[in-house]
Every structure is written in structure tokens, then in C-alpha cells.
Amino acid sequence: MDPYPSSSSLIAQKTWELENNIITVDTPPASTNSAADASSDSIFYYDETAQAKFQQDRPWVNDPHYFRRVKISALALLKMVVHARSGGTIEVMGLMQGKTDGDAIIVMDAFALPVEGTETRVNAQADAYEYMVDYSQTNKQAGRLENVVGWYHSHPGYGCWLSGIDVSTQMLNQQFQEPFLAVVIDPTRTVSAGKVEIGAFRTYPEGYKPPDDPVSEYQTIPLNKIEDFGVHCKQYYALDITYFKSSLDCHLLDLLWNKYWVNTLSSSPLLGNADYVAGQISDLAEKLEQAENQLAHSRFGPLVAPPQRKKEEESQLAKITRDSAKITVEQVHGLMSQVIKDILFNSIRQSSRPRTEGSGPEPMVES
Amino acid sequence: MSSSSSSGLTFKLHPLVIVNISDHYTRVKSQMNPPVTSTATTSSSSTTTNNSNGSGDGGVTAVSAAAPPPRVYGCVIGVQRGRIVEIFNSFELLYDPVTHSLDRAFLEKKQELYKKVFPHFYILGWYSTGSDAEEFDMHIHKALMDINESPVYVLLNPLINPAQKDLPVTIYESELHVIDGIPQLIFVRSSYTIETVEAERISVDHVAHLKPSDGGSAATQLAAHLTSIHSAIKMLNSRIRVLHHYLVAMQKGEIPCENSLLRQVSSLLRRLPAIESEKFQDDFLMEYNDTLLITYLAMFTNCSSTMNELVDKFNTAYDRHSRRGGRTAFI
């Protein structure tokens, strides 16, 4: 680190903060989250009158792109991810409660719905509605005053985007239950990649043409879903997600680390994700075959007409290369953990036995 | 009231419960003490509005001086398998501190709702916030005894103490002790471990350290991954150093020898190396080779893609010069 503070290091820090969505608490002495004080808990206060006024004003009616940001609380994220993961390979869904704040939607809490996710279901069934009403009632009694502000569901293993059914559901929601947000979580990819795979979306109203093509982060979509993705991907846009936590949460999570480091060290992503990775590789193989057929056709293409290919679109092969690189990186990370653990715990030998591997770091405990 | 439990049950607590309780408490606290904002006019506007900057804290405490942080109550649910009690989730309860009564109907309603979504979980006990277990807690405890014959009591201390090293969560069980000839139920402390599933661990990690959420470059991903492992190893190292230090002091005679501790340390040492068998080595190397194979395949794909692009570019360049038809493209 720079011994003397210079502008370059400050710029570097700002860039890093920007890249990593570090939320500075919105009190004027902008403190980073590690030093969140009690005033940052103001986000937890539910101002009934302000919310009612916002509902009346409805500034989103004129601007389809009105909401740009989402703030998710630590609790909501944890609940959603755990629920999504508990579904295994079945899609699960639930609702989110929260409020709005200017152009941001704030998600304070989430709860699961007892609905079986199938591809053909457009709306939750009647008993899910009953559940929703009951749950909201009991919540209001227990002191959670926020309203339902969105829904979330999981796409186990195939990425964070809205399918055709999701798009129509969300469009319906945005007509009648504004403000409403759609969140998609992929628990399988979360566990495989080691970071949370989540996306927040809002649809454009029917017939609206977005002014510019939004640049979204590339993610690999399995072959059997890619058509569904492509048809609808222009009908919605993604919102930026940031997270927040209360000061007590900060404190508790810091202390939790004292007990948690065991789990970090003992996690073995390679074992847990074996079947997911196998699925990814076979999907990649299919895509490769498809790309090969495409290329074989275009062998004679140059004779007839120059291949019609937009400059921005990458060729199939380039996408496949990116996907394979991603899979490899995850695997290598997993292997690194395994090797590190092996060195830590296995390279210690009893003094009677000869040391076979002389290299590697010193074992932490002397034999 | 705080001797250690002798029931032999092991408790596993999930981080979700802790975050749940903390959120419940923060919510109730902030609803009771509205924050000082530039538009809100609360009674604490007597503190000059100029320093509403840093006095957001001051304003809250001024108001909260009138209302001490409330106690919140709720139920914890989970699974009990044999001797292991695993607490997965929790929800709020309505408790009237005046009459010291639980709202029964509310409890049943909530239980029903949660049963629909998590059919395997059942009520294991209840939670509250505060610094120590109190007299009236026994009433709630007894009230829950008809649902679960030996409920647990999870107590979270919401006061933020920066010097604290340990999680301010204690788990109490109730035991029948004979005091002064009268059998009474008292609370006894139990130890617990933090248990987690991989997805929970990742999201807790994510929120706790605010890791980069977007893809980032491969370098940042690698850095993030290695940093987390590094910090975990650092913790392990510091713990071992403490033990080592203690043992050296014992050897020098500064601290009286404690045989049970020595036995534990010796059994710990005997567990290393963790696994050492032929089969493990084979499996390990096989996994290693699989990963190397995947890397090899990825390299291949990369190379063939680059080659393909090269050929395409060559074709395009070459085609421009061929004015006459009939010439096949160079493949």
C-alpha cells in the first residue's frame, strides 16, 4: 500500500468501491459499511405516510425505466437463498416485502410460498393467495409493517433471467400491483461459483422499445432454455442490486466469523457440484456440436454470399470458449481448496515415518 | 441459573436464526424511535438541526432515553434427530409484557403457515433479546412446554460491545433441580455450534464482507477465493498458537497441569494426518486429474476457436481478391 496518501491510491480505492458496490451509508459523514453506526438503521424505519404518498404519486407510470436500483437486506437475501437451495432442482417461489425510496426499491424481508414450481403455471394457486393474505396479516400484527413489493423465484442451474412465463407474470403484476419487482436466484450456480447468483428485473410495458440496448453481464444459458431466453430478453431490464445490513447485523456477522471459519475451510465445492459440472460439460458438448454444424454450412457460404453476421454478436464458438473457461476456473478453485487442505492436514507425518514430500509449507503443528 | 447443562443434547444453530432475531429487534427498535431526518419533526429537534449530520445517533439516543430498547420474543423451529437439535429458522411471537401472556392464536396461525412451506420443521423453543435470562421467562418457557416437552431458550444480547470476542447468543435449557427441598425448573446454559449449508455460508460471507458481486476479472475472483481461505487459515493458526503458548507455559510450570486438557490436546494431535490411505490418495489424484483434464479441454476449445477465427479472417481477406467466380474458398 502507498505509504503516503496520493491521489492515485484514492482513485484506486474509489474504483474498487465502485466496482464492488460498496454501499456508503446515506448519512452525510459517508462511512463505509464496516463502521455502520446506529444512524444507518434508519433504513429500517417504515414511514407510513411517506409510503402512502408515494403510492398516490405513482411516478413510475410515465417512465418505464423509473426504478433503477434495488437494495436487499441481509435477512432477505439469506432467506431467499436458503429457500431456493432447499428446493433442490425444483423451482420455488416466494414474495418479498419492503418499500420504495425514490428510484430504489428496498427489500426488507422475504417469505416462501407453498407453491410447486412448474413450467406451465402462470399464477400462484388460490391457496397460495390465502397464504399470502394470512402471512401479511400476521406480519402486520408482529410489527412488520411493509407491504409486498415483489416476488422471487429460483432457476436452479440455468441462470438468472426471466422466462416467457415469468415475463407475462411480471407484466401482469406491473399492471395491477405496482411497484413490483421480480428477482431470480440460481442456488446451484451460487454454490458452484462461490458467489451469490441473483438478478432483479422489471419488464417494459407492451410495445415499448427501450432506447438503448442494455449491456448485461454475460451468463451461460443451457441449450434447452436458450430459445426462451432469446425471445424475451429484450422485454425486461435488470436493476442494480446492493445489500445493506443493520449495525447489529454487522456486529453479529463479525462475531459469527469467529465460529464460521471452520465451515469456510471445510467446504468442498468439488464434491458438492460434481453433477452440476457434469451437466454443464455435456451441455457445452451439445452446443459445440451445434456450432460445428453451423460452421460446416458456412463453408460454402463465402461463395454464395458473405456471411451475414453482426459485428457485435460473438460467434457461437467464442461463447463456448467463454463458458468452458468459466467452468474450468470454478473447478480449479475447488481443486486449490482441496490441495490446500491436503497440505494443511495430511502432510504431517509421524516422526518414525520418512517425509515423502519435502516441499510445501511447514506443517502448523510440530510432530 | 447458569450452570452447564447435563442433558447431553448437542445444539446446532443456523446463522439465519441469528440474523432473523437481529432484524426483528432492529425493526422494533427503529419503529419505536423514529430517526431524526431533515424533514421529520420529532421531539428531539431541540438538538439544533444544524448538526443533524452526526447527531443522527445523538437524536436517537435522546429519544430512546425515554424508551429503553424493547425485548422481542419469537419462536424457533427446526429438527431434532436423536440427541442433535438443529435450529433452522424462527418467527415472531406476540407477547404481552403486562399480563405476561403469549398470544396463543397467533402462535398457532404462524405455526400453520410455516408448516406449509417447511413441513419438516417443528417448534423447538423460543427466543428473546436481553442480557440475561429473567424470572418471567420461565412463564413463557412453561407455556411452550405443552408444544415441546423440553423447549430451548435462545437469548441474544443486542448491545453492541466492540470488545466482545464471542457471539452474544446463549442457549438455555430447563432442568428440574431440587432447591430447598422444592423441585424447581431453572435455566441451565448449553453449548452450541454453528451449522450451515453451503448456500447459507456463501450468502452470509457475501453480506458480511461485501464481496464483489459481479463477475469481475478472473484475477479478482481468484483473489477473493484465496483471501477467504487465507483468513480461515489465519484463524486456525491463531487458535493453535494459543494452545501452543498454553502448553509451553504448562511445561515451564507457570500454570498447574490440567490432565483433561492435555488429554484433549493429545487426541487432537493424534487426528493428524486426517486421512491417510491408499484409496484416499487414489481418489484425490483422480480428482486432480479430472480437473487438469477439464483445463486441457478448455485450452483445446480456446485454441480451436482462435484457429477458426483465423481461418475466417483469412477467408474474408482472400475472398476480396478473388474477382472471378468458380474459385473455391481456401479451407
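Side-chain atoms are counted along with the backbone in the values below, which use heavy atoms only and exclude waters and symmetry mates. In what follows, every chain begins at residue 1, and chains take the letters A, B, ... in the order their sequences are listed. Just so it is clear, the structure is predicted and the values come from calculations on it, not from any experiment.
Interface residue Val191(A): backbone and side-chain heavy atoms are both found under 4.5 Å from chain B. Looking at Ser337(A), the atoms closer than 4.5 Å to chain B (heavy atoms on both sides) sit in the backbone and in the side chain alike. Neither the backbone nor the side chain of Val262(A) comes within contact range of chain B; no heavy atom of the residue lies under 4.5 Å from a heavy atom of that chain. Residue Phe88(B): no heavy atom, backbone or side chain, is found under 4.5 Å from chain A. Interface remark: Met336(A) contributes side-chain atoms only to the contact with chain B (heavy atom separation under 4.5 Å). Within the 4.5 angstrom heavy-atom criterion, only side-chain atoms of His24(B), from C-beta onward, approach chain A. If you measure heavy-atom distances from His251(A) to chain B, the contacts under 4.5 Å come from the side chain alone. For a residue to count as touching a neighbouring chain, one of its non-hydrogen atoms must lie under 4.5 Å from one of that chain's; by this rule Phe106(B) touches chain A with the side chain only. For chain A, the nearby part of Leu156(B) is the side chain; its heavy atoms alone come within less than 4.5 Å. Heavy-atom distances place the side chain of Arg239(B), and not its backbone, under 4.5 Å from chain A. The parts of Leu75(A) that come within reach of chain B are both its backbone and its side chain, each placing non-hydrogen atoms under 4.5 angstrom from that chain. With a 4.5 Å cut-off on non-hydrogen atoms, Val197(B) does not touch chain A at all. If you measure heavy-atom distances from Val82(A) to chain B, the contacts under 4.5 Å come from the side chain alone. For Ile281(A), the part lying under 4.5 angstrom from a heavy atom of chain B is the side chain only. Contact of Lys326(A) with chain B is not made at all, since no heavy-atom distance falls under 4.5 Å. There is no contact between Leu93(B) and chain A, counting heavy-atom distances below 4.5 Å.
Listed here is the closest heavy atom pair of Leu256(A) and Pro15(B): CD2-CB, 3.7 Å. The two atoms that bring Ala74(A) and Val19(B) nearest to each other are C-CG1, 4.5 Å, heavy atoms only. Shortest non-hydrogen contact noted between Tyr288(B) and Leu335(A) is CA-CD1, 3.9 Å. When all heavy atoms are compared, the tightest approach of Leu265(A) to Ala232(B) is CD1-CB, 4.2 Å. When every heavy atom of Ser203(B) is checked against every heavy atom of Leu78(A), the shortest pair comes out as OG-CD1, 3.3 Å. The two residues Asp249(A) and Asp23(B) have their closest heavy-atom pair at OD1-N, 4.4 Å.
Ring geometry for Tyr135(A) against Tyr114(B) counts as tilted: the plane angle lies between 30° and 60°, on a 0 to 90° scale.
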Apply side chain to side chain contact (heavy atoms under 4.5 Å, CB included) to residues Arg322(A) and Thr301(B) and explain how you reach the verdict.
CA-CA 9 Å; Arg322(A) 262 220 263 188; Thr301(B) 321; over 6 Å; no

Apply side chain to side chain contact (heavy atoms under 4.5 Å, CB included) to residues Glu200(B) and Val81(A) and explain how you reach the verdict.
CA-CA 7 Å; Glu200(B) 209 176 356; Val81(A) 172; over 6 Å; no

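For Tyr131(A) (side chain) and Leu113(B) (main-chain N/O), a donor-acceptor pair under 3.5 Å exists by modelled atom type.
Asn302(B) and Thr321(A) share no side-chain donor-acceptor pair at under 3.5 Å.
A heavy-atom distance below 4.5 Å is found between the side chains of Asn20(B) and Lys79(A).
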